[in-house]
Amino acid sequence: MNVLFVASECAPFVKTGGLADVIGALPKALAARGISSRVMLPLYPALTKVAEAGEDVASWDDLMGGPAQLLAAQVEGFDLLLLDAPHLFARDGNIYLGTDGKDWPDNAFRFAALSRAAADVAANGIGTWSADIVHAHDWQAGLVPAYLHQMDQPTPPVALTIHNIAFQGLFSQDLMAPLGLDASLYSQEGLEYWGNISFLKAGITYAQKVTTVSPTYAREIMEPEFGMGLEGLLSARQADVSGILNGIDLDVWDPENDEDLVAPYSVRRLKAKAKNRDAVLARFGLDPTDAAPLFCVVSRLTTQKGIDVLIDALPTLVACGARLAVLGSGDRELEARIVAAAHEYSGKVGVIIGYDEPLSHLMQGGSDAILIPSRFEPCGLTQLYGLRYGTLPVVARTGGLADTVIDANEAALTANCATGVQFAPVTPAAFAQAIHRTCDLFARPKDWAAAMRRAMRHPVGWDASSAAYETIYRSMLDA
Ligand code: ADP
Ligand code: GLC
């Protein structure tokens with residue numbers, strides 16, 4: 001079976017968040033099941049080196065305002081298809097945002113071009129290769145099934161995965177014709193959303209199957225609280241919607257073989273984790289302590305991630321004698337507030353604003369616990385890295401966080417199944433209580449070490465989930 005992945009990010013080549021991790025890992029897991037995938041991405045400047053070895057396999061005279069070609073390149077086990085459209089993608093800076101921090105003004109054309117090109121490849125194949133299934137990800141690939149829907153020829157079925165329903169790709173209805181979309185698609189039953197075009201709604205409407213990245217989030221987005229206006233459509237399509245948990249790449253995230261750690265460790269050699277702890281304390285300018293946990297946060301700094309709640313809970317964390325290391329970037333105001341907090345609690349709270357992949361590994365390796373107070377979280381990957389590294393996740397009970405962490409209440413501790421701490425609702429008071437509970441558990445070294453070992457043994461790879469995707473793909477072929 002051949003699958004065409006269409007996405008805007010893929011680790012290790014280009015990454016702003018968890019989407020990249022998934023696109024960087026799922027094709028490998030599918031390959032182990034005998035399913036071969038090609039991953040189609042825009043050719044951003046970060047991919048220029050990778051594209052050098054590429055072979056020209058398709059071209060367009062005018063793709064959303066300029067010429068484009070498709071380069072096929074095999075790199076690091078990936079079969080990439082890179083869309084070289086310099087008028088859309090050859091620009092420095094963030095892949096979604098200009099230097100002013102705002103979305104690129106032509107994002108509709110940039111990602112419509114990705115979707116249009118992918119639809120052409122899906123419909124016509126490349127050389128002797130053809131896709132049996134198209135797997136489109138998030139709003140950036142949402143138009144793929146819409147373009148296929150308006151073609152007058154047999155086309156392969158599409159699975160759309162929603163990684164975050166908060167990002168919908170909303171654009172003016174005036175763009176219908178410029179984007180090459182049939183006017184007939186502009187209706188409530190099509191891709192119209194409150195007077196705009198919604199790329200994500202187009203995907204949900206025209207894809208044969210819709211998945212999202214955890215079972216709990218799949219239920220949540222059918223409710224008004226989390227559905228962001230698409231709950232009605234998703235409920236109507238309930239029979240075709242499912243939630244499949246993300247896994248993580250067990251080779252990239254492996255405490256026994258992680259070059260970003262100062263000392264490797266494993267379930268059997270847990271002691272060495274302490275050396276990484278010392279390194280994190282030093283890197284963040286934190287006063288040493290063994291009496292209370294070293295917490296970390298590795299996150300986009302946004303209200304989705306509950307960073308405001310984190311800031312409000314800092315007095316409690318510091319009063320417990322704990323330490324906190326924060327790595328992140330995002331909302332300018334939250335950045336400023338967390339930096340101010342690090343000044344106020346100097347030696348207790350340390351902050352590095354920025355994006356630093358190696359440091360994120362060291363923090364997973366060296367921290368005792370990772371804090372994730374998200375208001376909503378489709379899946380979340382940092383709690384999975386935390387489990388794998390014996391860094392107990394302290395998480396809001398929502399989405400994939402609720403599905404992957406087992407709360408350390410007394411019953412779960414007695415039953416030997418706890419792997420972290422959950423809390424709800426997402427308020428400073430409930431979060432502060434969770435921090436207290438974590439510090440209390442840390443003060444019981446035997447119970448803490450047992451929870452660490454369980455966390456590290458908890459299955460977080462792709463085995464079960466890649467099998468679930470295969471089942472969905474096969475059901476689409478049989479339909
Ligand atoms: P989301 O995709 O919503 O941001 P996830 O938890 O799914 O959340 O994935 C976030 C990914 O980005 C993880 O791999 C995490 O380690 C990484 N990450 C987030 N912020 C940073 C940062 N400042 N530096 C390095 N890695 C980061
Ligand atoms: C999104 C979600 C996150 C999820 C990631 C990968 O960015 O916010 O929860 O883990 O996609 O699916």
Side-chain angles (χ1 to χ4, degrees), residues 5 7-12 14-26 94-96 135-141 160-168 200 211-218 220-221 226 228 243-249 252-253 258 260 280 283-284 296-307 325-331 334-335 338 351-365 367 370-389 391 393 395-396 398-405 460 462 465 469:
F5 273 66
S8 56
E9 310 186 11
C10 175
V14 55
K15 167 169 169 178
T16 74
L19 170 65
D21 293 310
V22 172
I23 306 301
L26 178 54
N94 183 286
I95 58 176
Y96 307 121
H135 194 161
H137 296 266
D138 269 353
W139 73 265
Q140 292 88 353
L160 172 85
T161 296
I162 303 170
H163 294 264
N164 191 337
I165 208 163
F167 301 109
Q168 302 191 349
L200 189 66
T211 74
T212 187
V213 289
S214 69
T216 294
Y217 194 61
E220 287 173 343
I221 56 178
F226 296 99
M228 314 248 169
I244 301 176
L245 268 183
N246 288 333
I248 65 172
D249 188 323
V252 176
W253 295 92
D258 187 331
D260 297 317
V280 175
R283 183 82 177 261
F284 282 85
C296 75
V297 169
V298 178
S299 181
R300 291 187 284 121
L301 302 179
T302 64
T303 49
Q304 176 199 335
K305 301 291 180 180
I307 300 304
V326 180
L327 169 65
S329 62
D331 184 292
L334 289 172
E335 287 182 357
I338 193 92
V351 174
I352 294 179
I353 299 294
Y355 192 93
D356 188 333
E357 193 78 24
L359 180 57
S360 75
H361 281 247
L362 179 64
M363 291 168 77
Q364 292 282 4
S367 306
I370 181 162
L371 300 175
I372 313 176
S374 304
R375 289 197 163 79
F376 64 94
E377 195 61 78
C379 180
L381 294 175
T382 57
Q383 84 280 14
L384 301 180
Y385 302 137
L387 291 170
R388 174 100 166 126
Y389 282 68
T391 301
V395 303
T398 186
L401 301 174
D403 291 339
T404 52
V405 176
V460 288
W462 273 103
S465 297
Y469 279 112

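All residue numbers refer to positions in the sequence shown, counting from 1. As the structure lists them, so they are numbered: ligands from 1, and atoms in each ligand from 1. The shown structure was predicted, so the numbers you read here are calculated from the model rather than taken from an experiment.
Of all atoms in ligand 1, listed by their number and element, those nearer than 4.0 Å to a heavy atom of Gly328 are 23 (N). Every atom of ligand 1 with a heavy atom of Thr382 under 4.0 Å away is listed here by number and element: 6 (O), 13 (C), 15 (C), 16 (O). Residue Pro378 approaches ligand 2 through these ligand atoms, each under 4.0 Å from one of its heavy atoms: 2 (C), 8 (O), 9 (O). Residue-ligand proximity, Gln304 to ligand 2, at heavy-atom distances under 4.0 Å covers atoms 8 (O). Here is the list of ligand 2 atoms found below 4.0 Å of a heavy atom in Leu19: 5 (C), 6 (C). Less than 4.0 angstrom separates some heavy atom of Gly354 from each of these atoms of ligand 1: 22 (C), 23 (N). Taking every heavy atom of Gly18 and a limit of under 4.0 angstrom, the matching atoms of ligand 2 come to 5 (C), 6 (C). Against a heavy-atom cut-off of under 4.0 Å, Leu381 is close to the following atoms of ligand 1: 5 (P), 6 (O), 7 (O).
For Lys305, no nitrogen or oxygen atom sits less than 3.5 Å from a nitrogen or oxygen atom of ligand 2, counting backbone and side chain alike. Considering backbone and side-chain atoms together, Asp21 places an N or O closer than 3.5 Å to an N or O of ligand 1. Residue contacts with ligand 2: Cys379 is placed with a nitrogen or oxygen under 3.5 Å of a nitrogen or oxygen of the ligand (distance criterion only). For a threshold of 3.5 Å applied to N or O pairs, the pair formed by Arg300 and ligand 1 contains at least one separation below that value. Not one N or O of Val22 is nearer than 3.5 Å to an N or O of ligand 2, by distance alone. Some N or O of Lys15 is nearer than 3.5 Å to an N or O of ligand 1, by distance alone.
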Checklist line | Full working for salt bridge (charged side-chain N to carboxylate O under 4.0 Å, His left out) between Asp258 and Arg388 | finding: CA-CA 12 Å; Asp258 187 331; Arg388 174 100 166 126; over 6 Å; no

Note to self: Could you go through Leu301 and Ile338, starting from their C-alpha distance and side-chain angles, then the distance that decides it, and tell me whether this counts as side chain to side chain contact (heavy atoms under 4.5 Å, CB included)?
What the structure shows: CA-CA 9 Å; Leu301 302 179; Ile338 193 92; 4.2 Å; yes

Note to self: Working note: Thr382 + Val297, criterion side chain to side chain contact (heavy atoms under 4.5 Å, CB included); need CA distance, chi angles, decisive distance, verdict.
What the structure shows: CA-CA 9 Å; Thr382 57; Val297 169; over 6 Å; no

Note to self: Run the ring-ring contact (aromatic ring centres under 6.0 Å, His included) test on Tyr469 and His135 for me, step by step, so that the C-alpha distance in whole Å, both residues' side-chain angles and the decisive distance to 0.1 Å come before the verdict.
What the structure shows: CA-CA 10 Å; Tyr469 279 112; His135 194 161; 5.3 Å; yes

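Annotation: atom 2 (O) of ligand 1 to nearest protein heavy atom, Gly18 N, 2.6 Å. The protein heavy-atom contact nearest to atom 1 (C) of ligand 2 is His163 O, 3.1 Å. For atom 9 (O) of ligand 2, the nearest non-hydrogen atom of the protein is Glu377 OE2, 2.5 Å. Nearest protein neighbour of atom 21 (C) of ligand 1, counting heavy atoms only, is Tyr355 CE1, 3.5 Å. Taking atom 4 (C) of ligand 2 as the reference point, the nearest protein heavy-atom neighbour is Gly380 N, 3.7 Å. Of the protein's non-hydrogen atoms, the one nearest atom 24 (N) of ligand 1 is Asp356 N, 3.0 Å.
Looking at Gln364, its side chain does come within 3.5 Å of a backbone N or O of Gly386 through a donor-acceptor pair. Of the possible donor and acceptor atoms, one in the side chain of Thr212 sits under 3.5 Å from a partner among the backbone N and O of Ile162. Listed for the Gln168 side chain is a donor-acceptor partner under 3.5 Å among the backbone atoms of Met228. For the pair Glu335 (side chain) and Gly354 (backbone), a donor-acceptor distance under 3.5 Å is absent.
Considering Thr16, Asp21, Ile23 in turn, Ile23 is the only one that fulfils the side chain to side chain contact (heavy atoms under 4.5 Å, CB included) rule with Leu19. When each of Ile248, Leu245, Asp249, Leu26 is tested with Trp462 by the rule side chain to side chain contact (heavy atoms under 4.5 Å, CB included), just one qualifies, namely Leu26.
Under the 4.0 angstrom criterion for non-hydrogen atoms, Gly400 is not in contact with ligand 2. At a 4.0 Å cut-off, not a single heavy atom of Cys379 sits close enough to ligand 1 to count as contact.
Of all the heavy atoms of Lys305, the ones lying under 4.0 Å from any atom of ligand 1 belong exclusively to the side chain. No part of Ala20 comes within 4.0 Å of ligand 1, judged by heavy-atom distances. By the criterion of a heavy-atom distance under 4.0 Å, neither the backbone nor the side chain of Asp21 is placed next to ligand 2.
Between Ser8 and Tyr96, the side chains place a donor N or O and an acceptor N or O closer than 3.5 Å (distance only, hydrogens not considered). Residues Thr398 and Glu220 have side chains that bring a donor and an acceptor to within less than 3.5 angstrom of each other. Judged by distance alone, the side chains of Thr391 and Ser367 never bring a donor and an acceptor atom under 3.5 Å apart.
In summary, Lys305 and Asp331 do not engage in a salt bridge, as defined by a charged side-chain N under 4.0 Å from a carboxylate O.
Within the 6.0 Å centre-distance limit, the rings of Trp253 and Tyr385 are counted as a close aromatic pair.
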